[in-house]
Amino acid sequence: MPVSNPLVALGARVPGLNISNNSGRPGGGVSATIRGINSINASSAPLFVVDGVIGADFQSINPNDIESIEVLKDASSTAIYGSQASNGVIIVSTKAPKVGEYVIAAQVNLGLNQFARPLDMLNANQYMDYMKRSWEYDPKRGTFPTDQLNKLYPDLFGTDNKPLYDTDWQKEASRNATPISYHFTISGGTEKAKQLLSVGVINDEGLLRETYYKKRTVRYNTDIKLREWLDIGANLSYQFNRKNQVDDYAVGSMNATRLLGGMIPILPVAYPDGSTSTMQDFGFGYNYDSNGDFLGFYKTGIYTANNPVKLLQDLKYYRTEHQFLGNVNMRVKLMEGLEFKSTFGAQFFDANNQFYASKYLLDIGVDVSGRAAIDYGKTLYWQSENFLNYNRVFGANRINAVLGTSWTSSTGDGFGAGSTGFSVDYFQYNNLAAGAVPGTPTSYYRKELLNSYYARFNYSYDDRYLLTLTGRSDGSSKFGSGNKYAFFPSVALGWNVSEESFLKSNELLNQLKVRSSYGITGNSSISPYMSLGTLNNNTLVYLDGKRYVGTTMGNIANPDLKWERTAQINAGVDMGFLNNRFTLVADIYHKKTTDLLLDNPTSFVSGYNSVTQNIGSVQNKGIEVALNGKVIQTNDFSADLGLAIAANRNKILGLGDNNADILPGRVPGGLVYNVLRVGGQVGDIIGYERLGTWGTEEATEAAKYNRRPGDIKRDDVNKDYVYDDQDVKILGNLFPKYELFINLGVRYKQFDMSATIQVRKGNKVVNASSFELEDRQYYLNSYASLLDDAWTPSHQNTMVPAIRTQQDALYSDYPSGYVDSHFVEDGSFIRGRNLNISYSFPRAVLDRWKIKGLKISANTQNFFLSTKYRGYDPELSSVSAGNTFTQGVDYFSYPNARTYALGLNLTF
């Protein structure tokens, strides 16, 4: 089954390109970075160029439409894109028509998605063992009332006082999904006119019930030669996407993925009368007098939450997207070696989010009798590029020069509205007026402009000595009046040593090229109006049925705001052995970003929280190696092996006037986990080091911390018997030390097999799910390992505190609001990314059947995962997925699937 998002399959062969699949949901978030994190407040995502349209939405393209992808990493190759290229460039070219008779191609894939790695949670009997131990944590409460369970909860326990239900919620809320895709292409033509038309359909069912991703694509590409000196072309496409993203709504009890593992197993999906279970159906509370003496217990619900099956069914959260992408071009041959090209590209994108929570859903809709909302946004982007291209050869001298200019504009606007108080669920989000209580409407508008002038000069002498000079001046509407324009130069040198006489006839080393480059690129990926003073509306207040709106100060004007700049030096070597049977490409680089676009905190008396300024600096340096070899080559059999490895080291050099720490991220529940600190790295995790638990022989020492045996024991760095900000330390980093891809290919006659293995090493994952599943067990189910791992008098050498109830002391022990090392887990893994086996029918069969090609294939993705991580997958990031500082934070992520697929490719 081809992936619905082309980014997922991109990173396997490009060292230095880091791709993270943040969600297992079809159409879920995927993030990309090239050569580390360059910026803090501004974006670190690479620039995508699709068929010449800069900034196009690459992820919405049908992967079957892609002809080639080129990744630009060093400053010289990216410099022609200037201000937008500081994070690297990914150039995508879709399939173009070819000269010849019209060819029709059809591709069909049918898949099966299965739960790849479900969590091992407490079953019903184990859960009741947990309840017994938590009850008896306080001896005052006496023995757990097992003999009264049927009397207290007859719907949940039989007359033998044993659970009537043992629900595996991960199984009940998931399914064996069956994604299917179709793709059809017709192309052909003459030298005068050729065209291509493709249509694609992807129906990708999600692993969790009710979730899906639907994609429809249409693409038309034509090239016409009007005169010997005049060519015109057009590449037009339309994409439609629709997805159900219920797992993306809020956190806590409102999120189905939290209850996927957290719903207690003694509850059924539905009772015999058809009513569905909730977390209010079971639980105990305890009464104590003023002296702390136990008075008795009472029935109470755990908290207000529906079960995940009900949430998936009755919570509607759809997103519908339309994208029109087009590029028309004209190429005029002015004279020998000189041509003029003009292109105009445009992208129209709109997205509509539709939300409805049933009036019967606890904690979401029931308190307001149903909740509906819609929000709509659209963006219109256009660009105009005009340039001269000069190509000439003078003996051993080859010259190419480009001189051009471009204008781009991006305008976006949108609105949102909602209501509550529905008498029935019938209308949902389709009729907001059916809600008795209207919500506060919202709207926005933004516009940004960019004007550029650029030149590039390439010179080659005898194909041995290479020189590239590039200069680009960019002007952005986002910056202060005196700083809108900036100049970004670069230079690159190359030496084809293999073209020298002393190496040209070498049979072992047939290719050797050394190269280096230096250049400066810019970054303007901030909100459009950060250099201007702005106003905000304040919180709306309702008095006597009237709405009152206030106006407050927004941004502080900063007319000195200017471009963030990244200077990069790169050195590399390309080598080929035995007529390029084996190849090696290696690069080392050093990048330094200065004038960081950073939100600098201001004095409280100013009335502002911060001002965006050019302060601070970040450094990245690393190495990339790609090794490919045709290990075996015969007429009937061949075996190929490819290795791609990359390592990056990041360092924060400055953070403003005082270089004060910045704490940019918190996990749900408000715990700090991330710090930006001079001398440290972007992605550093900060918190307490958990040493274990206090033992009975340490009771006296524990009491100095107001703790007792069985409580969490942490490192008191300054030995003052208080756990506070002075005791936190760096616990690791969210980004890997290195990443390795192993690509295997085997061919035997008409059979082909390929496999990709991914190795990621050295990164940490903040497992925020475990914070609730293991340390706050009362509110959710827990890992099956809890009963063995939790502290008891006979099991004291453990990281897991004694099991207790929600009313016991230190039930949730997180002083000063920091995470601790127990939930900072090793995110290293080895993954079987992709395995594909195909058979291409031989020419004799094709001729007999009068077709041009026929191939059948079998494919599996995510076919194995080896990791120490306790969650579904260490690659998942569920808190603002794709944000620099939340990459590697897992809070009940949508689980990854293991996919099996059969494919058919037919050409005639």
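We use all heavy atoms of the structure for the numbers below, so side chains are in, but hydrogens, waters and symmetry mates are not. Along the sequence shown, residues are numbered consecutively beginning with 1.
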Intermediate values then yes/no, side chain to side chain donor-acceptor pair (under 3.5 Å), T696 and Q796: CA-CA 8 Å; T696 53; Q796 300 191 24; 3.1 Å; yes

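- P874 has its side chain within reach of V765: a pair of non-hydrogen atoms, C-beta onward, lies under 4.5 Å apart.
- Atoms CZ and CZ, from R690 and R714 in turn, are 5.5 Å apart once rounded to the nearest 0.5 Å.
- No option in I662, L597, L598 other than L598 meets the side-chain contact (heavy atoms from CB on, under 4.5 Å) test with I40.
- Remark: of the listed residues Y286, Y778, Y130, Y286 is the sole one forming a ring-ring contact (aromatic ring centres under 6.0 Å, His included) with W135.
- Checked against salt bridge (Lys or Arg N to Asp or Glu O under 4.0 Å), D808 has the following partners two or more places apart in sequence or in another chain: R141.
- Ion pairing between a basic and an acidic side chain is recognised when a charged N comes within 4.0 Å of a carboxylate O; E701 and R707 show no such pairing.
- The existence of a salt bridge linking K729 and E689 is confirmed by a sub-4.0 Å separation between a basic side-chain nitrogen and an acidic carboxylate oxygen.
- Between R677 and D661 there is a salt bridge, since at least one side-chain N of the basic residue sits less than 4.0 Å from a carboxylate O of the acidic one.
- Side chain of T798 to backbone of D789: a donor-acceptor contact under 3.5 angstrom is found.
- Within 6.0 Å of CG in D725 there are more than 12 heavy atoms belonging to other residues, nucleotides or ligands.
- Residue T566 is tested with T594, T593, N87, N620 for a side-chain hydrogen bond (donor to acceptor under 3.5 Å, both in side chains); the sole match is T593.
- N648 and K621 are not linked by any side-chain donor-acceptor pair at a separation below 3.5 angstrom, with hydrogens and angles left out of the test.
- At a threshold of 4.5 Å between non-hydrogen side-chain atoms, the residues Q619 and H590 count as touching.
- Residues Y891 and N255 have side chains that never bring a donor and an acceptor to within less than 3.5 angstrom of each other.
- Side-chain polar atoms of N767 and E825 form a donor-acceptor pair below 3.5 angstrom.
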